[in-house]
Amino acid sequence: MQNGKTLGEPLLEAREISLSFGGVKALRGVSLAIRRHEILAIIGPNGAGKTSMLNVVNGFYHPQQGTITFKGETRRAMRPHQAAAQGIARTFQNVALFKGMTTLDNIMTGRLLRMKRGLLWQALYWGPAEREELAHREAVEKIIDFLEIQAIRKIPVGRLPYGLQKRVELGRALAMEPELLLLDEPMAGMNVEEKEDMCRFILDVNDEFGTTIALIEHDMGVVMDISDRVAVLDYGRKIADGPPDAVRADQAVIDAYLGVSHG
Amino acid sequence: MELLHALVIDPIGAIADNPEFLLEVVIGGLLTGVMYSLVALGFVLIYKASGIFNFAQGVMVLFAALCFVGQLQLGMPLVMALLSTVAIMIALAFVIERVVLRPLVNQEPIILFMATIGITFFLTGLGQLVWGGDVKTLDIGLPKDPLIIGGVLVNEFDLTAAAVAGLLVAGLALFFQKTSIGRALRAVADDHQAALSVGIPLKTIWVIVWSVAGIVGLVAGIMWGTNLGVQFSLALVALKALPVLILGGFTSIPGAIVGGLIVGAGEKVAEVFWGPAFGGAIEDWFAYVLALVFLLFRPQGLFGERIIERV
Ligand SMILES: Nc1ncnc2c1ncn2[C@@H]1O[C@H](COP(=O)(O)OP(=O)(O)OP(=O)(O)O)[C@@H](O)[C@H]1O
Ligand SMILES: [Mg+2]
């Protein structure tokens with residue numbers, strides 16, 4: 001734990017989640033809590049079920065078994081729209097931006113749910129909608145400043161280098177002002193400098209806005225540096241869960257990473 | 001030798017003799033092409049926003065025109081009939097979303113395609129049932145006189161149609177680029193998952209694109225209907241949108257517009273100058289042959305992204 005903050009009660013609790021695709025069991029009875037204001041790292045070998053877990057949390061996947069409790073409400077499965085509306089934002093392992101749109105427009109899409117009036121209403125009354133749009137522009141400009149991407153505001157994101165795309169994607173998620181932020185390998189494919197920047201942004205978001213963060217990461221150095229707690233998945237099962245140092249010393253975890261056969 | 005004459009020498013000779021006539025033919029063709037563009041535009045909107053190949057687009061053109069002309073014949077004032085038809089097309093979008101799209105969400109594209117064939121039959125039947133199967137003439141007082149501009153003969157109606165289509169396209173472009181709802185639509189077209197993750201409601205988006213496609217269909221239907229009378233063959237004319245889409249690329253709005261113009265002008269020129277060599281009626285199949293040739297050399301269409309298979 002890199003600072004002395006006390007972790008809150010669970011914001012989200014997934015219980016006994018099982019998910020399979022045909023014969024492939026992606027998750028087998030995984031229970032995982034995400035506590036308010038923490039940075040939780042989810043790690044594990046390739047194909048362990050990490051991305052599947054995030055997809056269950058924000059409603060892309062509907063598990064065959066288990067329940068999810070978010071902000072005190074228990075459900076069999078989340079739905080993406082509902083998850084977004086209730087304050088869950090995310091980024092994707094393979095950057096999923098709107099490639100034809102500019103950085104600014106991409107981040108603006110994160111504001112859609114914050115706009116007071118529904119989409120249909122805006123289709124009919126352009127004048128007031130425009131005024132509201134301006135207010136949201138201000139919020140977005142703050143995020144752009146925060147992420148230090150002023151220079152690429154008007155550039156279509158498809159033309160940006162990978163590292164910057166990942167940053168824009170974080171910006172779009174932040175624009176939603178989420179309570180829970182899910183990051184799927186936010187530093188994959190980045191050089192050392194870019195990774196350092198990204199770590200700083202993640203820590204700042206957590207620190208300044210109190211945003212709860214669950215992130216998947218392969219770089220152990222990064223994981224040990226920034227997370228308050230680490231959960232380890234292997235073959236769809238959770239094999240460890242605890243403070244970074246304890247997890248690093250855990251024999252089951254070491255075995256999983258060394259590829260020791262599963263009993 | 002005779003073939004050479006018929007295919008090359010005679011047509012080229014005719015063009016060289018009277019270049020103004022070629023210009024007239026091209027302009028006439030371009031203006032027909034505007035209609036193709038409108039129909040193709042409806043396809044592209046729906047395809048981009050939902051990945052559905054909407055076989056019913058042609059019938060939506062017919063259905064909108066039928067509702068419009070039917071209400072006019074019942075004595076409704078023009079503006080009222082127009083507004084009420086717009087309302088009908090929007091209501092139709094709501095019904096299609098609720099009854100067809102929502103239950104079939106996440107199904108294979110082929111299943112959704114079949115569902116739109118179902119919509120085609122349903123709308124054809126409904127239109128016939130409510131408004132009857134006879135040919136209805138549509139005359140909303142659009143000017144129809146021939147005009148001479150700079151020595152070239154043009155039809156005033158064609159010009160009006162082109163202007164209306166141009167306005168419609170400009171309006172849509174503004175809508176897509178300048179409003180937050182347009183941004184949401186572009187987002188959905190770019191990446192479904194990402195759009196869902198920021199909470200863009202797909203259902204609302206579907207209702208909106210189907211409504212817009214319906215309204216674009218209404219405009220096309222009024223123009224076509226004024227030209228040809230409102231009848232069931234309208235839905236067939238709309239099939240010309242398929243070669244237009246192959247030319248323009250299924251996901252490109254500029255492609256739909258340019259593709260429509262090329263097909264319109266191309267088939268007119270082919271008919272007038274090369275028609276005699278083939279015994280006439282080239283117009284009916286020229287567009288499809290053009291599309292085939294295009295498929296061989298540029299399968300992604302004029303503006304479509306290059307398809308590179310990942311291996
Ligand atoms: N949509 C899907 N359809 C079929 N199988 C899937 C799907 N999503 C995930 N899987 C399977 O579930 C298992 C877990 O995949 P998941 O993507 O969750 O792993 P991961 O831990 O994120 O791996 P990585 O580190 O490679 O990203 C894998 O065997 C994967 O092939
Ligand atoms: Mg993954």
Side-chain angles (χ1 to χ4, degrees), chain A residues 54-55 58-60 62 79-92 94-102 104-115 117-127 129-130 132-134 136-137 156-158 169 172-173 175-176 178 182 184, chain B residues 44-45 48-49 83 86-87 90-91 93-94 97 102 105-106 171-212 214-215 249 251-255 303-306 310:
Chain A
L54 288 201
N55 284 342
N58 96 308
F60 280 152
H62 295 175
R79 292 179 183 284
H81 179 252
Q82 172 194 57
Q86 302 227 356
I88 301 180
R90 69 169 294 171
T91 64
F92 296 81
N94 317 302
V95 180
L97 285 168
F98 309 121
K99 297 242 162 21
M101 296 168 32
T102 62
L104 191 65
D105 269 348
N106 264 281
I107 301 180
M108 277 300 280
T109 60
R111 301 300 297 180
L112 270 166
L113 282 174
R114 299 256 151 205
M115 302 201 173
R117 334 249 183 193
L119 279 178
L120 277 177
W121 187 90
Q122 294 186 32
L124 298 174
Y125 300 97
W126 290 6
E130 194 161 338
E132 185 163 16
E133 170 106 359
L134 283 179
H136 288 288
R137 265 292 286 277
V157 293
E169 205 190 14
R172 182 181 65 195
M176 294 168 70
L182 310 173
D184 197 344
Chain B
V44 170
L45 286 175
K48 270 180 85 104
L83 289 178
V86 168
I90 292 174
F94 270 98
E97 190 279 317
R102 203 183 300 180
V105 72
N106 289 336
L172 282 178
L174 268 179
F175 179 63
F176 276 100
Q177 294 301 327
K178 296 287 171 203
T179 66
S180 58
I181 188 166
R183 187 161 47 226
L185 284 165
R186 281 183 290 144
V188 171
D190 253 14
D191 192 317
H192 260 78
Q193 290 247 306
L196 277 173
S197 82
V198 293
I200 295 174
L202 279 186
K203 289 170 197 154
T204 313
I205 295 295
W206 287 337
V207 170
I208 292 170
V209 284
W210 281 76
S211 300
V212 173
I215 292 165
T251 54
S252 166
I253 287 177
F303 297 85
E305 273 165 41
R306 212 192 170 83
R310 271 180 83 138

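Numbers restart at 1 for each chain; the letters A, B, ... are given by sequence-line order, proteins then strands. Just so it is clear, the values below take in all heavy atoms, side chains as well, and ignore hydrogens, waters and symmetry mates. All of these numbers come straight from a predicted model, not from anything done at the bench.
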Here the gap from Asp191(B) atom CG to Phe92(A) atom CZ, rounded to the nearest 0.5 Å, amounts to 7.0 Å
Is it the backbone or the side chain of Asp105(A) that comes under 4.5 Å from a heavy atom of chain B, or both, or neither?
-> both
Between Asn58(A) and Ser197(B), the two heavy atoms sitting closest are ND2-CB, 4.3 Å
Would you mind checking which part of Ala189(B) comes under 4.5 Å of any heavy atom in chain A, side chain (CB onward), backbone (N, CA, C, O), both or neither?
-> neither
Between atom CG of Leu112(A) and atom CZ of Arg183(B), what is the distance when rounded to the nearest 0.5 Å?
-> 6.5 Å
Please flag which part of Leu182(A) lies under 4.5 Å from any non-hydrogen atom of chain B: side chain, backbone, both or neither.
-> neither
Can you name the nearest heavy-atom pair linking Phe98(A) to Ala194(B), along with the distance?
-> CE2-CB, 3.7 Å
Donor-acceptor contact below 3.5 Å, side chain Asp190(B) vs main chain Gly100(A) = yes
Can you check whether Gln193(B) reaches Phe60(A) side chain to side chain, under 4.5 Å on heavy atoms?
-> yes
For atom CZ of Arg79(A), decide whether the heavy atoms of other residues, nucleotides or ligands shown that lie under 6.0 angstrom number more than 12.
-> no
Can you tell which part of Met101(A) gets under 4.5 Å to a heavy atom of chain B, answering side chain, backbone, both or neither?
-> both
From the list His81(A), Arg172(A), Arg111(A), Arg90(A), side-chain contact (heavy atoms from CB on, under 4.5 Å) with Val198(B) holds only for Arg172(A)
